[in-house]
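Here the structure comes first, spelled out in structure tokens, and everything after it is commentary.
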Protein chains: 4
Amino acid sequence: MASTIIDSAIFQGIFSSDAMRQVWSDENRTQKYLDIEAALAKVQGRLGLIPQEAADEIVSHCRLDQIDMVKLRAQTERIGYPILGVVSQLNALCRDKLGEYCHWGATTQDITDTATVLQIREALALVDADLAAISDALAALARTHRLTPMIGRSNLQQAIPVTFGYKMAGLLSAIERHRTRLNELRPRVLVGELAGAAGTLASLATGAMATQAGLCAELGLAQPDIAWHTIRDNIAEVGCFLGLVGGTLGKLSMDVKLMMQTEVGEVFEPYAHGRGSSSTMPQKRNPISSCYIHAQISVVRQHAAALLDAMVADHERSTGPWQIEWIVLPEAFCLLAGALKQSRHVLEGLEVDAQRMRENIDLTGGLVMSEAVMMGLGPYIGRETAHDLVYDICREAVKQKRPLLELLCEHPEINTHLDRAALARLCDPAHYLGQSGVMVDRVLDKLR
Amino acid sequence: MASTIIDSAIFQGIFSSDAMRQVWSDENRTQKYLDIEAALAKVQGRLGLIPQEAADEIVSHCRLDQIDMVKLRAQTERIGYPILGVVSQLNALCRDKLGEYCHWGATTQDITDTATVLQIREALALVDADLAAISDALAALARTHRLTPMIGRSNLQQAIPVTFGYKMAGLLSAIERHRTRLNELRPRVLVGELAGAAGTLASLATGAMATQAGLCAELGLAQPDIAWHTIRDNIAEVGCFLGLVGGTLGKLSMDVKLMMQTEVGEVFEPYAHGRGSSSTMPQKRNPISSCYIHAQISVVRQHAAALLDAMVADHERSTGPWQIEWIVLPEAFCLLAGALKQSRHVLEGLEVDAQRMRENIDLTGGLVMSEAVMMGLGPYIGRETAHDLVYDICREAVKQKRPLLELLCEHPEINTHLDRAALARLCDPAHYLGQSGVMVDRVLDKLR
Amino acid sequence: MASTIIDSAIFQGIFSSDAMRQVWSDENRTQKYLDIEAALAKVQGRLGLIPQEAADEIVSHCRLDQIDMVKLRAQTERIGYPILGVVSQLNALCRDKLGEYCHWGATTQDITDTATVLQIREALALVDADLAAISDALAALARTHRLTPMIGRSNLQQAIPVTFGYKMAGLLSAIERHRTRLNELRPRVLVGELAGAAGTLASLATGAMATQAGLCAELGLAQPDIAWHTIRDNIAEVGCFLGLVGGTLGKLSMDVKLMMQTEVGEVFEPYAHGRGSSSTMPQKRNPISSCYIHAQISVVRQHAAALLDAMVADHERSTGPWQIEWIVLPEAFCLLAGALKQSRHVLEGLEVDAQRMRENIDLTGGLVMSEAVMMGLGPYIGRETAHDLVYDICREAVKQKRPLLELLCEHPEINTHLDRAALARLCDPAHYLGQSGVMVDRVLDKLR
Amino acid sequence: MASTIIDSAIFQGIFSSDAMRQVWSDENRTQKYLDIEAALAKVQGRLGLIPQEAADEIVSHCRLDQIDMVKLRAQTERIGYPILGVVSQLNALCRDKLGEYCHWGATTQDITDTATVLQIREALALVDADLAAISDALAALARTHRLTPMIGRSNLQQAIPVTFGYKMAGLLSAIERHRTRLNELRPRVLVGELAGAAGTLASLATGAMATQAGLCAELGLAQPDIAWHTIRDNIAEVGCFLGLVGGTLGKLSMDVKLMMQTEVGEVFEPYAHGRGSSSTMPQKRNPISSCYIHAQISVVRQHAAALLDAMVADHERSTGPWQIEWIVLPEAFCLLAGALKQSRHVLEGLEVDAQRMRENIDLTGGLVMSEAVMMGLGPYIGRETAHDLVYDICREAVKQKRPLLELLCEHPEINTHLDRAALARLCDPAHYLGQSGVMVDRVLDKLR
């Protein structure tokens with residue numbers, strides 16, 4: 001029985017991904033505890049801090065199937081934390097009291113934090129893979145539609161033409177920066193924790209730093225310079241990163257939603273039978289994925305704020321702030337995974353209606369080309385005169401509900417300089433795409 | 001396999017309550033769908049809008065055990081919403097195509113919203129019960145410790161004495177206001193939804209408002225004046241209410257944490273073997289419940305912001321904002337339920353060390369009584385003289401590390417007016433509790 | 001020199017209102033301090049707690065023009081709070097050391113909190129007035145356009161017709177609930193504070209409660225049951241209320257933005273020369289006010305979360321949480337005032353293009369009427385047959401890009417039952433408005 | 001008249017810094033507009049896109065003292081944006097209509113965004129300088145108190161000893177990471193914008209990319225690959241960065257507040273006459289700066305969430321999301337500047353009471369040394385026996401309220417192995433500091 005939408009048997013596939021949910025599952029988290037206890041024993045055995053025999057025995061039991069999860073819940077509720085329960089179960093599994101050497105010198109938070117980092121490593125790999133796929137999809141769309149004209153919109157008003165490839169390249173530029181950010185934060189975040197009750201590792205009279213170094217090496221993590229039990233900029237930075245990625249996906253979903261409007265109809269989320277359609281309203285084509293993205297990232301950004309709150313930790317081991325991370329970090333990753341999955345789905349199967357894009361440019365009867373016309377007329381009649389003249393003709397066009405081109409062709413001050421063909425060319429959006437293609441190229445050129 | 005801490009097999013008992021998790025479970029939500037479809041059929045049968053035979057047949061199948069949840073997940077992922085899946089399963093369960101009359105005139109969101117309201121009703125009842133229990137516990141503590149002196153603290157500095165009962169009564173006053181708020185918001189929130197595709201109930205050519213009225217009556221909900229598919233102040237208000245309750249619990253947990261400090265030691269969360277203790281640090285008595293409360297309500301307040309975001313809905317059925325509620329509302333309730341449970345645990349078993357409270361007042365050697373001494377000397381030597389004299393003596397007391405009383409007794413300007421007994425009385429915190437008792441009474445008198 | 005957009009000499013008129021800025025100005029806040037000190041002196045003089053002569057002298061100086069604001073800044077930066085500076089200036093203004101009786105028994109936070117409540121009272125009156133005006137404007141639009149057909153949209157897809165009045169009435173229902181909420185929270189919030197250093201009023205050996213009662217009465221505030229220095233649900237509730245109002249304005253602005261799209265063009269923010277137009281793009285009509293509303297309320301909702309955070313106060317006088325309110329409360333009110341002002345501007349001058357609304361219904365060639373046609377045909381050929389038949393014809397209409405009505409008229413299974421006139425009637429949105437008018441009436445009927 | 005606490009004539013020096021407020025002032029922002037228009041004219045003159053004469057004339061007027069700010073407010077309120085107002089004023093200032101060449105090819109948002117980036121550059125320089133100063137102060141404290149013992153606290157319970165230098169080094173490690181983050185984000189953020197109405201720079205028929213490159217070079221900014229009018233990860237990243245820095249300052253202030261408690265008294269904010277003291281409570285030493293830091297960063301983290309919200313921009317020029325930045329970015333910087341300033345003040349003048357730290361370790365009569373004693377006895381009587389024995393003796397010590405050392409010395413199983421001197425050594429916190437010094441060195445070694 002699940003209560004959250006993320007774990008819901010009905011909704012989990014929509015709001016998250018199986019792979020990401022697995023990362024943050026009870027099973028994986030508990031396995032990480034075991035991996036760390038095993039690595040610790042291994043290192044300490046090697047260093048001669050605990051008997052090799054104990055190390056071997058402990059390692060041999062660090063398997064999830066040896067843990068009684070029901071008992072672990074009871075232990076956790078009694079103690080407030082699961083680590084002692086795991087250790088005591090491990091202890092009981094080991095022969096000859098060799099389990100006493102388990103968890104040697106470590107504190108609850110050492111294991112929990114390091115497990116979290118291992119989970120973050122797996123989770124970031126999933127995010128990275130999705131970012132790469134989204135980058136590919138965006139790059140393909142940018143390339144294909146490098147010069148596919150569509151209307152650019154400012155304040156939700158038709159402005160001047162752009163290209164659909166330009167629109168995709170803008171998003172692509174952000175995705176690429178996110179990948180850079182991810183690479184930059186990894187060394188700060190993928191750092192182990194082994195520091196003892198108050199961070200000083202006093203619990204290990206000898207071999208403290210060697211154990212710490214060895215454990216981190218064993219787990220493929222960097223060694224910390226100092227304990228970070230209550231120095232949480234690393235975790236909060238991850239939250240901010242998820243929020244930033246979410247922001248870009250939110251922009252994507254916003255544009256898709258708007259372009260899918262009945263009155264616009266320029267792109268469509270990939271069609272799947274029954275998806276986003278209505279049994280009584282055959283005209284509908286709902287942007288289902290975009291809906292979910294919008295919602296998921298709205299929550300992720302609040303989670304980022306909560307993780308910033310979790311930084312306000314007290315003293316050497318905090319009294320509440322740490323637990324904020326327990327709640328928020330898995331959810332932020334799971335929801336972002338959902339948003340990434342839905343975004344991939346949208347982008348990898350996006351239907352682009354270039355014809356409708358072209359038609360929409362004409363909706364205003366050519367008014368969106370007025371800037372182009374002003375500029376084109378400038379050399380003949382002066383820039384300012386051109387501006388005022390065209391502006392007046394535009395108002396007239398609106399009033400008469402006739403195409404701008406017609407009025408231009410009829411106007412004596414204009415048709416003495418330019419014939420219908422020349423004027424039609426000025427009114428052709430394909431000739432007013434500016435640097436759309438160049439900008440697409442600049443973004444594509446930077447792809448790895 | 002659960003990924004969220006709320007649904008975690010290990011942590012669910014800490015971060016939420018079984019009863020609240022049940023309310024937001026897949027099972028309960030789906031049963032609510034069925035309850036509503038049954039009520040709708042019943043009402044429409046009664047009104048003659050659908051055949052009575054169909055109504056009876058539909059009602060007979062509206063049982064959770066008839067629904068294939070695995071199939072429902074698949075349907076939901078395909079369509080994006082579970083309602084159509086439920087209806088199509090119901091339809092298939094009914095004989096003679098009578099199931100066609102199921103969901104008559106309703107739209108997906110009608111059923112979902114109304115189900116959510118039914119869940120909110122159950123969830124608010126749980127919150128209400130916890131608030132009542134917390135109110136009782138606080139009232140008992142306020143009564144018992146109406147005149148138990150402890151130091152009042154301002155800016156985390158010892159200021160002047162208060163009583164522990166006064167401290168509890170302050171919290172109680174907030175809890176009582178929350179109960180009032182809950183009563184006030186119920187009529188706004190416990191309102192049904194049946195409005196059809198765009199809210200106008202055009203789908204019911206006849207009997208529309210009668211069906212709506214009947215359905216709401218059947219479910220014990222108020223009838224809406226107008227569709228609220230995209231008018232969500234009701235839901236957001238619930239989120240704000242949860243945030244407000246959380247804020248008060250946060251204040252409680254903050255004070256308990258601070259009073260449990262080793263250096264303070266005035267109150268303790270109830271003792272349970274192993275809970276909050278350390279195997280190597282026997283001096284520790286961790287405020288485990290307060291930790292969790294702090295974390296839970298930190299997230300709930302961000303959820304409140306997310307629900308405010310969900311209000312920015314577009315047109316008649318929103319494109320994303322609605323789904324924010326799906327994520328946030330269950331979690332906010334589940335986390336608050338955890339915080340309420342932990343708070344009850346703390347308050348119903350709180351250990352109060354009145355002796356230590358009294359000792360802490362003396363920590364400064366009587367300096368915290370300086371205000372009282374100034375006031376007590378005023379009538380004899382003038383208020384201002386009293387102030388300056390006592391202030392100087394206080395500095396001297398700090399310098400000499402001697403009790404204020406001793407220096408007062410020795411001072412010729414003072415001991416001519418007041419003897420040691422009189423001065424000791426001025427320095428007795430029990431005589432400087434101000435209106436603590438009166439304020440406790442004022443709060444208790446208002447209890448229902 | 002202002003740094004915030006709210007106080008910006010350039011932007012203040014856009015992002016807030018003059019009246020609301022005045023409420024939260026240094027001048028008004030400081031005057032409130034003086035009003036409270038005056039009221040306190042007056043009450044204590046009347047009660048004989050301080051000499052009447054002192055009371056009169058103090059009251060005579062409680063005028064803003066007697067306060068040296070430059071000096072006050074210096075005092076505030078030195079001490080951390082302005083109250084002591086105000087009191088010491090007052091003191092110095094009074095003859096014969098009578099100023100010593102100023103601030104008698106009060107603490108800094110008593111004056112600050114009470115001043116804040118007085119400011120909140122003024123600010124809520126402004127909010128209330130704007131809500132009333134918005135309610136009037138919405139009611140007028142709802143009445144005028146009770147039966148003005150427009151397309152209802154679900155998931156940004158055209159669904160079935162509604163009326164513009166219905167759309168306005170939905171917003172109106174929320175505004176009316178906000179007015180109710182405002183009335184409900186006032187008695188909780190408009191409460192004075194006079195409680196001394198730790199809330200017990202021990203600073204007043206006699207006449208403590210009488211002074212408190214008298215001060216509150218003098219200021220027209222309710223008397224608190226107990227000190228609320230660190231019990232802040234009242235202030236946070238105000239923040240939530242502002243967030244909730246903001247949410248509704250956000251929904252309004254969202255719909256206006258969407259309806260103003262070039263491709264939709266159904267309503268327009270009131271025209272003002274130059275406002276929202278472009279010098280080179282004459283086709284643009286930017287939803288300027290809606291832009292600002294969107295931004296303002298986005299920040300207000302995060303402010304609500306910050307005020308919930310401020311509830312987590314420590315002990316009797318908090319160490320940081322209180323100051324959150326100082327930052328957030330004025331801004332939340334100022335930004336909401338901006339959003340209310342912009343919303344009034346939009347609603348009181350809204351241009352409604354009923355013609356374009358009607359045309360947009362036809363954009364799909366009648367497909368949005370398919371639900372109506374299915375229902376209308378049901379009695380003749382059976383509901384299910386009707387559904388399947390119409391659904392097929394709709395697909396055909398999309399394929400052929402012909403109006404639905406034409407295909408219906410041509411279809412032998414249909415035209416044997418209904419002639420073109422009857423079918424045209426089924427396809428007429430004016431006949432498929434459902435309970436739009438009834439719902440408008442239900443909302444209007446509840447207006448005070 | 002200011003309404004926000006940031007611009008308040010009374011509070012501005014507490015809640016922000018003069019330098020940061022100057023960066024975000026109307027004056028500086030408007031001057032930036034002028035700088036950009038000047039640079040644009042200069043570049044376009046050089047490229048031959050506009051007459052050199054026009055460029056010179058425009059440049060000569062791009063001075064703040066030539067702008068009528070009152071008129072600009074009126075223009076801004078009418079149009080909704082200030083840029084057109086500035087341009088039209090510039091235009092009017094230029095002789096012979098040469099001003100017509102001003103703002104050539106640019107759009108409002110180009111100038112606004114680029115101005116914001118220039119302001120961010122200045123603001124980040126201020127943040128960087130404060131971080132450097134804080135780093136220095138922390139490093140000095142870490143060095144000085146490398147081995148100053150104090151009790152480490154976990155869950156606000158005394159745990160085992162650490163050193164004050166260790167505590168400072170932890171914070172230092174985070175500050176250094178923030179400096180790295182700042183360096184990493186600069187190239188992403190310090191990027192100019194010149195893209196025209198929809199981002200394609202179609203407004204410049206020739207020389208578009210050369211103008212963009214030239215403008216950016218002129219301003220010392222990087223050239224963008226593509227327009228970022230609605231691709232806002234750069235701005236949101238700045239907000240997240242501010243939130244992260246704030247989180248660390250919040251942790252600092254939390255620890256200072258807790259250590260300044262009357263019952264703890266280990267460190268003190270620097271003393272300044274009157275600051276944080278009370279006229280009637282001479283024992284108080286309020287953590288004034290820590291209060292403000294707590295509040296400031298609480299709001300900054302909500303601002304980070306608001307900036308993430310601003311990323312959800314629509315199409316080529318957004319309808320509201322952009323304006324969120326206008327509100328939030330200046331405030332987030334101003335509040336963080338306040339927090340940085342207060343933090344510097346605290347750290348540069350921090351009073352450390354090493355004596356009191358030492359005494360507090362003894363508060364539990366040696367119980368906090370039990371872990372050390374267990375470990376020290378292990379080699380003689382076996383680890384597990386040692387654990388159980390010491391644990392029992394600890395409980396006895398609590399019961400008898402006697403020092404642990406006394407009971408250890410008396411115990412026959414123990415005193416046969418270790419004499420009082422040896423046991424005293426085990427109980428000496430200076431011998432149980434673990435890797436405190438090593439960790440301090442590791443952090444210090446990495447300083448640039």
Side-chain angles (χ1 to χ4, degrees), chain A residues 151-160 254 256-266 276-288 290-291 301-302 305-306 309 312 320 360 363-375 387-388 390-398 404, chain C residues 151-160 254 256-266 276-288 290-291 301-302 305-306 309 312 320 360 363-375 387-388 390-398 404:
Chain A
I151 194 67
R153 293 173 180 97
S154 159
N155 279 295
L156 289 169
Q157 299 293 298
Q158 290 202 354
I160 60 169
M254 177 57 77
V256 171
K257 284 195 295 186
L258 292 172
M259 288 187 285
M260 277 184 74
Q261 289 175 99
T262 307
E263 295 84 356
V264 178
E266 295 174 339
S277 66
S278 162
S279 65
T280 59
M281 298 182 284
Q283 76 282 5
K284 291 194 69 184
R285 183 83 177 268
N286 292 333
I288 295 291
S290 296
C291 271
R301 77 171 153 259
Q302 299 297 342
D309 191 12
V312 188
N360 284 342
L363 268 188
T364 57
L367 290 187
V368 295
M369 297 310 297
S370 58
E371 188 183 278
V373 174
M374 287 173 190
M375 300 199 116
H387 175 277
D388 295 350
V390 174
Y391 205 90
D392 287 346
I393 295 175
C394 282
R395 286 161 168 266
E396 200 56 33
V398 172
L404 177 63
Chain C
I151 194 67
R153 293 174 178 96
S154 158
N155 279 295
L156 289 170
Q157 299 294 298
Q158 290 202 353
I160 60 168
M254 178 57 77
V256 171
K257 284 194 296 185
L258 292 172
M259 288 187 285
M260 276 183 75
Q261 288 175 103
T262 307
E263 295 85 356
V264 178
E266 295 173 340
S277 66
S278 161
S279 65
T280 58
M281 298 182 286
Q283 77 282 3
K284 290 193 69 184
R285 183 84 176 268
N286 291 333
I288 295 290
S290 297
C291 272
R301 75 172 152 258
Q302 298 302 138
D309 192 9
V312 188
N360 283 343
L363 269 188
T364 58
L367 290 187
V368 295
M369 298 310 299
S370 59
E371 189 184 278
V373 173
M374 287 173 190
M375 300 199 114
H387 175 276
D388 295 351
V390 173
Y391 204 90
D392 287 346
I393 295 174
C394 283
R395 287 160 168 267
E396 200 55 33
V398 172
L404 177 62

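Labels below follow one simple rule: chain letters A, B, ... track the order of the sequence lines, proteins then strands, and each chain is numbered from 1.
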Mind ranking C394(C), S370(C), A397(C) by heavy-atom pairs under 4.5 Å with chain A and telling me who comes out on top? S370(C)
Heavy-atom pairs under 4.5 Å with chain A: which of S154(C), A305(C), G365(C) has the most?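 Most heavy-atom pairs under 4.5 Å with chain A: S154(C).
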Go through it in stages, so that I can follow the logic: the residues are Q302(C) and Q302(A), the test is side-chain hydrogen bond (donor to acceptor under 3.5 Å, both in side chains), and I'd like the CA-CA distance, side-chain angles, deciding distance and then a yes or no. CA-CA 9 Å; Q302(C) 298 302 138; Q302(A) 299 297 342; 2.7 Å; yes
Interchain contact, V398(C) with chain A, by part (heavy-atom threshold 4.5 Å):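 Neither part, no heavy atoms under 4.5 Å.
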Kindly give the heavy-atom pair with the smallest separation between L363(C) and E263(A), and that separation in Å.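 That closest heavy-atom pairing would be CD1-CG, 3.6 Å.
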State, to 0.1 Å, how close K284(C) and N155(A) come at their nearest heavy-atom pair, and which atoms those are.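 Looks like NZ-ND2, 4.4 Å.
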Looking at chain C, which one of N360(A), D309(A), V368(A) has the largest number of heavy-atom pairs inside 4.5 Å, strictly under?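 Counting heavy-atom pairs under 4.5 Å, the top option is V368(A).
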Report the C-alpha distance between M260(C) and L156(A) in whole Å, list the side-chain angles of each, state the deciding distance to 0.1 Å, and finish with yes or no for side-chain contact (heavy atoms from CB on, under 4.5 Å). CA-CA 8 Å; M260(C) 276 183 75; L156(A) 289 169; over 6 Å; no
Check: V264(C) and V264(A) side chains under 4.5 Å, non-hydrogen atoms: no
Does N286(C) offer a backbone N or O that forms a donor-acceptor pair with the side chain of Q157(A) under 3.5 Å? no
